[in-house]
Amino acid sequence: MRPFQKQRTNAFFALLSLPSTAMGFALSIQISALSWILTTRYNLDIHDVGLVWAAGPLAGILGQVIIGVVSDRVWFWNGRRRPFILIGGVLATLMLLALPNLDIVSARLGIGGILGVAIAVALTLDLAINVSFNPTRAIIADVTNEGDERTKGYTWMQSISGTFGVLAYAVGALWGNYVLIYGGAVIVLLFSILPPLFIAEPRELAVEVAPAGAPPGASVGRKQDSFYGILLAIRPLWAFLAYDVYAMGRRLAGIQPDSYYAEIACGVVTVALVVQALLEKESGNGLAAFRKVIAAHSFSWVGIQSTFVFLFAFLQQRMPELSDIDMGRVGSTSFLVLNAVGAALPALLLMPIALRIGRVKTHAGCLAFMTAGYVGLYFLAATPLQLYLLMAVVGIGWAAIVSLPFAIVSQKVSQARMGLFMGLFNLSVVLPQLVVSLGVALIVSRAADKSVIFAVSAASLALSTLAWSFVRDDT
């Protein structure tokens with residue numbers, strides 16, 4: 001172990017943040033360029049764009065859970081998380097380079113349509129990101145102590161990752177998305193390969209015991225690794241999962257529903273399961289506390305993912321005077337503003353506030369601001385300047401979403417199962433993302449007013465804000 005790691009210097013926390021920054025940068029490129037390039041260069045419609053975006057959550061459903069379980073148990077290349085960070089980083093780099101060359105890839109493979117190739121590239125890119133994302137977050141918990149030190153690790157992670165996210169959108173806004181893609185591939189490769197080589201991972205994780213507050217002798221059993229144990233752990237997400245399976249089958253079969261009965265049923269059952277989780281009495285094994293976190297967190301991602309996927313559809317309708325290039329720049333600038341706020345707040349503001357009033361209250365307050373920002377976008381976003389100002393308000397919630405929940409959930413589960421639970425926690429992200437790609441996409445494609453995406457986002461964030469008020473803060 002190098003001296004800067006033993007002494008927990010700022011340089012150590014900065015280096016520890018770079019692998020996650022690499023994956024975040026790859027994701028920023030995807031957010032900034034994927035919908036734009038599919039719409040303007042390959043002329044895919046909204047529903048097909050949503051289907052391509054569905055590839056990512058599909059990769060995450062299996063990728064992060066499986067990698068989480070495996071990385072808890074293996075040791076090779078002198079690390080537990082390191083091998084998956086290295087593999088994912090190289091694979092993500094290759095898929096980024098393929099993104100602007102889908103037509104060439106299609107021609108070389110002898111495939112006539114772009115859609116299948118786009119889905120394959122997006123699926124592989126997201127699989128690569130998901131292979132690495134869980135280990136890049138779990139390694140922070142592995143090498144830091146519980147409490148303020150771990151909170152510092154995750155807030156530094158978001159500040160540095162968010163800063164490079166801002167850089168990504170700035171490059172896209174100033175020089176275009178093609179420069180962003182090719183330059184970003186280099187950054188992703190370097191930040192994935194070099195930092196893990198300088199971080200010493202513990203060969204043995206902490207003894208597998210229940211989280212703080214559990215009765216003496218309570219432990220977390222191996223049965224949580226079973227399929228049944230995993231299903232119980234993610235009970236608040238059952239309706240999301242059922243709808244995703246149904247909607248994906250419907251989409252692949254080419255069936256176009258005439259009503260929204262399935263979507264309404266998904267919403268009603270989800271609310272019922274979330275309410276059940278939030279009112280559940282917490283027990284010594286930490287599962288009830290974990291279920292409350294994923295229940296509250298899931299609604300946030302319905303809202304934010306709707307913005308990521310369909311912002312360009314909104315811009316095409318609300319600002320038709322923009323050229324394809326200018327529209328790409330407006331979209332990139334919007335995400336730049338979002339991530340600028342998201343990068344600045346965690347270490348500078350959210351961490352000091354969290355130390356005073358707690359992580360959960362800080363998080364819920366930020367989500368309330370985000371809800372207000374989406375309400376403003378629905379009613380007021382008619383010009384690029386108005387869009388940018390309101391995205392700054394939304395960025396307050398984004399700063400919290402990508403930093404505080406990781407610190408919160410890491411305090412509620414066994415460190416010996418950190419990879420597994422980080423993977424399961426990610427299901428509260430990817431299952432709602434699939435609902436957006438398969439369900440919200442259907443609604444947006446048929447809506448006369450595309451600003452409906454911000455109404456969906458506002459409602460989702462309001463529910464998330466309310467749900468987080470039922471989560472207990474472990475200090």
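Only heavy atoms go into these numbers, but all of them, side chains included; no hydrogens, no water, no symmetry mates.
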Shortest non-hydrogen contact from His363 to Pro405? CE1-CG, 3.6 Å

Report yes or no: do Thr307 and Tyr374 form a side-chain donor-acceptor pair below 3.5 Å? yes

Salt bridge (Lys or Arg N to Asp or Glu O under 4.0 Å) involving Arg82 - partner list, sequence neighbours excluded: none

The reported gap from CG in Leu16 to OG1 in Thr21 (rounded to nearest 0.5 angstrom) is 9.5 Å

So, taking the atom named NZ in Lys361 and the one named CG in Leu404, what distance separates them when rounded to the nearest 0.5 Å? 14.5 Å

Do any N or O atoms from the side chain of Asn177 and from the backbone of Ala33 form a donor-acceptor pair under 3.5 angstrom? no

Side chain to side chain, Val302 and Val456, heavy atoms closer than 4.5 Å: yes

Calculate, to the nearest 0.5 Å, the distance between atoms CZ and CD1 belonging to Phe425 and Ile294 respectively. 9.0 Å

Hey, can you pull the donor-acceptor pairs under 3.5 Å for the side chains in residues 334-357, sequence neighbours left out?
| residue | atom | partner | partner atom | Å |
| --- | --- | --- | --- | --- |
| Ser334 | OG | Val330 | O | 2.8 |
| Asn339 | OD1 | Trp398 | NE1 | 3.2 |
| Asn339 | ND2 | Phe335 | O | 2.8 |

Can you say whether the rings of Phe406 and Tyr154 are parallel (under 30°), tilted (30 to 60°) or perpendicular (over 60°)? parallel

For Met23 and Val188, work out which heavy atoms get closest and say how close. CE-CG1, 4.1 Å

Donor-acceptor under 3.5 Å (Ser298 side chain, Ser428 main chain): no

Over all heavy atoms of both residues, which pair between Phe314 and Ala381 is shortest? Give the atoms and the distance, please. CZ-O, 3.4 Å

Within the structure provided, determine whether Leu125 and Gln30 are in side-chain contact (heavy-atom separation under 4.5 Å). yes

Give a yes or no on whether the backbone of Asn145 and the side-chain of Glu149 come within a donor-acceptor separation of less than 3.5 Å. yes

Does a side-chain heavy-atom distance below 4.5 Å link Met248 with Leu438? yes

Whether Arg291 side chain and Leu232 backbone form a donor-acceptor pair below 3.5 Å: yes

Do the side chain of Gln5 and the main chain of Ile199 share a donor and acceptor less than 3.5 angstrom apart? no

For a side-chain contact (heavy atoms from CB on, under 4.5 Å) check, start with the C-alpha distance between Ile140 and Trp156, then their side-chain angles and the critical distance, and finish with the verdict. CA-CA 10 Å; Ile140 295 175; Trp156 270 68; over 6 Å; no

Contact between Tyr388 and Thr333 at the side-chain level, heavy atoms closer than 4.5 Å - yes or no? yes

Does the side chain of Phe240 reach to within under 4.5 Å of the side chain of Leu434, using non-hydrogen atoms? no

Should Val117 and Val121 count as side-chain neighbours, where that means a heavy-atom distance under 4.5 Å? yes

Could you walk me through whether Val435 and Gln305 pass the side-chain contact (heavy atoms from CB on, under 4.5 Å) test, one step at a time? CA-CA 10 Å; Val435 169; Gln305 185 74 2; over 6 Å; no

Which distance, rounded to the nearest 0.5 Å, do you find between the CG of Leu180 and the CG of Leu167? 8.5 Å

Taking Lys292 for its side chain and Glu280 for its backbone only, find out whether a donor-acceptor pair lies under 3.5 Å. yes

Check: Arg150 side chain, Ala141 main-chain N or O, donor-acceptor pair, under 3.5 Å: yes

Under 4.5 Å between any side-chain heavy atoms of Phe308 and Trp301, yes or no? yes

Quick check on Trp238: does its CH2 atom have over 12 non-hydrogen neighbours (other residues, nucleotides or ligands) under 6.0 Å away? yes

Taking every non-hydrogen atom, the tightest pair across Phe191 and Pro196: O-CD, 4.4 Å

With side chain to side chain donor-acceptor pair (under 3.5 Å) as the rule and sequence neighbours excluded, what pairs involving residues 188-201 come up? none

Worked verdict on Leu237 versus Ile234 for side-chain contact (heavy atoms from CB on, under 4.5 Å): CA-CA 6 Å; Leu237 308 177; Ile234 63 167; 4.2 Å; yes

Heavy atoms, side chains only, cut-off 4.5 Å: are Ile87 and Trp77 in contact? yes

Taking every heavy atom of Gly184 against every heavy atom of Phe25, the minimum-distance pair comes out as CA-CE2, 3.3 Å

Tell me the closest heavy-atom pair linking Leu91 and Ala128, and the distance in Å. CB-CB, 3.7 Å

Nearest 0.5 angstrom please: Ile408 CD1 to Asp473 CG, how far? 6.5 Å

Between Ser300 and Ser464, is there a side-chain donor-acceptor contact under 3.5 Å, judged purely by atom types and distance? yes

Working to the nearest 0.5 angstrom, can you tell me the gap between Leu315 CG and Leu387 CG? 6.0 Å

Intermediate values then yes/no, side-chain contact (heavy atoms from CB on, under 4.5 Å), Met370 and Ile304: CA-CA 10 Å; Met370 195 177 200; Ile304 193 66; 3.5 Å; yes

Whether the side chain of Arg80 engages the backbone of Pro202 through a donor-acceptor N/O pair (distance < 3.5 Å, no angle test) should be reported. yes

